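Below is one structure; the comments refer to it alone.
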Amino acid sequence: GQQVMQIPQYQHVQEGEDFTTYCNSSTTLSNIQWYKQRPGGHPVFLIQLVKSGEVKKQKRLTFQFGEAKKNSSLHITATQTTDVGTYFCAGNAGNMLTFGGGTRLMVKP
Amino acid sequence: KAGVTQTPRYLIKTRGQQVTLSCSPISGHRSVSWYQQTPGQGLQFLFEYFSETQRNKGNFPGRFSGRQFSNSRSEMNVSTLELGDSALYLCASSLLGMSTDTQYFGPGTRLTVL
């Protein structure tokens, strides 16, 4: 079945440093979604990417979808303590949405 | 609009018992998906219901079942509980379905099996 791998599993950064999480799918995706889950909370939708090579920005967050539509990344510039949480990618293929294992981001003030 | 609601929020059961969890989607949303979240396994997809029909199913044993009512509310049932079923159970609703649409998650039901 479809597998979505996400790395790294954990990331500690100093406030102000950049952060990137990577998502790789075993199959070509029709779209990919990104979610953020704060500690003790539930996943909240961030963005959906559909087109090959697509790049979208939300303030300090930059999302990319690979040319082959099998990988994606989320980059945060100059992290803040409010960025703490687990970031999940979720890849859609064949009408199934499969979540990656998530990257837990911890930010030291 | 009110968000996705799940009841109960916390539940403690013993092995062998069964449990029913409830999810009320955002008004107008016809798709409800269920997920199991554990520290070791991340977010695992259980099933998706759309207009009262199961549209997708994850790789879980038959002890896990669900249904959706005409008002789009959904219930999930786990029979013969095992210790490994302890997890946060999340439901998510969307307008058109999990594969094309933003999913809005509820706060989850924390199930502890003793």
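In the text below, chain A, chain B and the rest are named by the order of the sequence lines, each starting its count at 1. Keep in mind that this is a model prediction, so the values were computed, not measured.
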Above 12 or not: heavy atoms from other molecules or residues under 6.0 Å from [atom1] of [X]?
X: B/R55; atom1: CZ; answer: yes
X: A/Y22; atom1: OH; answer: no
X: A/Q80; atom1: CD; answer: yes
X: A/Y10; atom1: OH; answer: no
X: B/N71; atom1: CG; answer: yes

How close do A/L97 and B/Y35 get, heavy atom to heavy atom, and via which atoms? CD2-OH, 4.1 Å

Nearest heavy-atom contact between A/Q37 and B/L88 is NE2-CD2, 4.5 Å

Does the side chain of A/H42 come within less than 4.5 Å of B/Q37's, by heavy atoms? no

Using non-hydrogen atoms only, which part of B/L43 is less than 4.5 Å away from chain A: side chain, backbone, both, or neither? both

Main chain of A/M96, side chain of B/E48: is a donor-acceptor contact present, judged purely on distance under 3.5 Å? no

Does the side chain to side chain contact (heavy atoms under 4.5 Å, CB included) test come out yes or no for B/F45 and A/T98, once each step is laid out? CA-CA 7 Å; B/F45 169 70; A/T98 303; over 6 Å; no

Rounded to the nearest 0.5 Å, how far does OH of A/Y35 lie from CD of B/Q103? 4.5 Å

Are A/L29 and A/W34 connected in the hydrophobic side-chain network, where two residues link if heavy atoms are under 4.5 Å apart? yes

For residues A/F45 and B/F105, establish whether the separation of their ring centroids is below 6.0 Å. no

